[in-house]
Structures are given as structure tokens and as C-alpha cells.
Amino acid sequence: MTYNEWLLKAIEVLNQINPTENGKVDALVLLQHATGKSRTQILAFDDTEIDEKVRLKLTALLDRRLKGEPIAYILGEKEFWSLPLNVSKGTLIPRPDTEILVEKALQIALEKLEENPPHFSILDLGTGTGAIALALSSELSPLCQKRQILLEIIGIDLMPDVVALAQSNAERNKLNVKFLQSRWFENITGQFDLIVSNPPYIDAQDEHLHQGDVRFEPLSALVANDAGYADLRHIIELAPSYLNSNGALLLEHGWQQGEKVRSIFQENHWEMVETVRDYGDNERVTLGFWKK
Ligand SMILES: C[S@@+](CC[C@H](N)C(=O)[O-])C[C@H]1O[C@@H](n2cnc3c(N)ncnc32)[C@H](O)[C@@H]1O
């Protein structure tokens, strides 16, 4: 069987089982992964015969995709903020939505860095693959180095294997972020200029948990008590003790949670509380500043 023959067959079955997904993209990505060839090499030499070992591997990969497993878990990686990140079933696959949080955090960080402080520190709670912390490090490290500002970025996660995953991503991308295990603030000492988090915020009863990619992701990364608000509330209540004066907390949340999250910030006496919308005009990130 040639590359082209396999592609045609794979696209047909993928489109039959899952007409809403892009079968052609998935089939090509799986073929690239199994053969180690680039997209161009595959398309330019599409009459190449696939050997038996690779064909068996392809059958197994296609079978996983046909069962709905996300491509990122099958490949073991996903790009976020142009950084290639290892992913595992222990945590969330980073989403493009989360780039909104990174953009807003960067805007605030850059304003604060204008004052040329001697050091600047960021804490990422529930870091998962390390996506947010690493994206911030990739942007801020060169600037801080140039201005001789000591930059410290720490990412924490509840799950030790997820902490190891984030560490592997720091090494893969040659970025200087410290990752440690902690249940939210439990193992944290010191104070930060920015705290960022994309915590679990889905209600355990939410029907979306049974649909699409989310079915394969761990509940520990998705679900929170109190209709999805327990972790958001916990972080909003505790963060002031871990922030420098005029420090900011930025939280990603569900598109229908903006109003309630703003009210939790306000009940806890945060200032300049605002919600940022994503490119689909949905409320996805709420932030506040803590004045001492
Ligand atoms: C929604 S995922 C976000 C992952 C990553 N920050 C991202 O945006 O792709 C939430 C993460 O929080 C972690 N987590 C859940 N409960 C936690 C807790 N009590 N303390 C620390 N981390 C926790 C999960 O293991 C998971 O990695």
C-alpha cells in the first residue's frame, strides 16, 4: 500500500465516523507521525510503499483517532504560543483560548516592567503542560535579561507526573521556569507581581464533559465543585496573601461565568476588576489588582 492509497482510505473512514472533523488533516498528521516524514515529502512522493511495520503502526493510530481520542494525545504533543509542548493524559491539552490570558498577562507585565523593577515574579497555578508559564517566559525572559531585571516564574500543579511533564517542556524549549508540586498555595512561600491560572471550572453535571476531546481529558483538570466555581473562589480568596502591592490576579473561566467571577473578586475587595473577552466576544478571563 502506498502513502496515497493509505491516505485515501484513512480520509474516507475518518470522514464517515466523524464528518465534522477534518479527516484529511488528521490522516496526513498521522502518516507524518508514523513515517517521520514531512508533509511535503509525503505529498511529493505519494507513491512510496509503506512497509509492514509502519502500516501496523498506522492501523493502531487510526483506530485511536476513530475512537475519538484527540490528535494531541495520539501524537503526544501540541503547540501553544508557537512552543511545541509534550502532552499527557494526566492534564489538559493546551487550548488556543488560553492565549487570551497570556496576552492580558503580558500587557500587565510589560506595563509593570516599564518601571524597571529589580525583580519581577509570576506564579502559574495549575500549570498542566506549563503552557502559560512557558509562554510568558518565552516573551519576558529576553526583555528582562536586556534590562537586568531578575525574572522568576514558578508553575505549580497538584499532580507530580504533571509537574514532571511541565519540567520536560521547559527543557524542550530551553526556558527557565521552576515547576513544583503544590495543592494551590499550600507549598508556596513568598510574594508575586502576577498570579495567573486556568483552573478547573466545569460543573460536574455539564454535558460537554461527554463530548469531543474533553471525554479523554482527566476530570482533575476540568471539574470543580460548587457548580465549577470552587477553585476559582479559593484562588481569589487566598491570592492576596501571595501578591506584592498592586499585584494582579488573572483567571481563565467558562464563557458564562464572567459575571459571577467578577462578583467573587468584588466580594473579596479586589480593585479594578475587569473581564476580557476572546475573539468570539465571550467573557473568558477576569482579573483584579490587590492594593495593600
Ligand atoms: C484546566 S487545567 C489547565 C492546565 C494549563 N494551565 C493550561 O492552561 O493548559 C487545570 C490544571 O490544574 C491542576 N489542578 C487541579 N486541582 C489542583 C489543585 N488543587 N492544586 C493545584 N493544581 C490543581 C490540574 O492537574 C490541571 O493540570
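Just so you know, ligand 1 is whichever comes first in the structure, and atom 1 is the first atom listed for that ligand. Just so you know, these numbers come straight off a predicted model, no measurement behind them.
If you number the atoms of ligand 1 from 1 as listed, the ones under 4.0 Å from a heavy atom of Thr98 come out as 8 (O). Counting atoms of ligand 1 from 1 in the listed order, those under 4.0 Å from a heavy atom of Ser182 are 20 (N), 21 (C). Listed by number with element, the atoms of ligand 1 under 4.0 angstrom from any heavy atom of Arg183 are 19 (N), 20 (N). Of all atoms in ligand 1, listed by their number and element, those nearer than 4.0 Å to a heavy atom of Ile156 are 21 (C). Residue Pro94 approaches ligand 1 through these ligand atoms, each under 4.0 Å from one of its heavy atoms: 9 (O).
Considering backbone and side-chain N/O atoms, Thr91 comes within less than 3.5 Å of an N/O atom of ligand 1.
No donor-acceptor pair under 3.5 Å is formed between the side chain of Gln181 and the backbone N or O of Val163. Formation of a donor-acceptor pair under 3.5 Å by the Asp226 side chain with backbone atoms of Tyr229 is not found in this model. In terms of modelled atom types and a separation under 3.5 Å, the side chain of Glu12 and the main chain of Lys9 share no donor-acceptor contact.
With hydrogens left out, the protein atom closest to atom 5 (C) of ligand 1 is Thr127 O, 3.3 Å, a heavy atom. For atom 16 (N) of ligand 1, the closest heavy atom belonging to the protein is Trp184 CZ2, 3.6 Å. Scanning all protein heavy atoms for the shortest distance to atom 22 (N) of ligand 1 gives Leu158 N, 3.2 Å. Atom 4 (C) of ligand 1 has its closest protein heavy atom at Gly126 O, 3.4 Å. Among all protein heavy atoms, the one lying closest to atom 1 (C) of ligand 1 is Ala221 O, 2.9 Å. In this structure, atom 15 (C) of ligand 1 lies nearest to the protein heavy atom Ser220 O, 3.2 Å.
Looking at Leu219, Asp157, Val87, it is Asp157 that brings a heavy atom closest to atom 24 (C) of ligand 1.
Looking at Asp124 and Ile154, their side chains never come closer than 4.5 Å, going by heavy atoms from C-beta outward. The shortest distance between side-chain heavy atoms of Val196 and Leu125 does not fall below 4.5 Å.
Under 4.0 Å from ligand 1, heavy atoms of Asn198 appear from its side chain as well as its backbone.
For the pairing with Tyr201, the side-chain hydrogen bond (donor to acceptor under 3.5 Å, both in side chains) check across His253, Gln257, Glu252 returns one residue only, Glu252.
Around CD of Gln211, the count of heavy atoms belonging to other residues, nucleotides or ligands within 6.0 Å exceeds 12.
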Q. Could you walk me through whether Asn246 and Trp290 pass the side-chain hydrogen bond (donor to acceptor under 3.5 Å, both in side chains) check?
A. CA-CA 5 Å; Asn246 206 26; Trp290 188 257; over 6 Å; no
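Annotation: Phe185 is in aromatic contact with Tyr242 [ring centroid separation under 6.0 Å].
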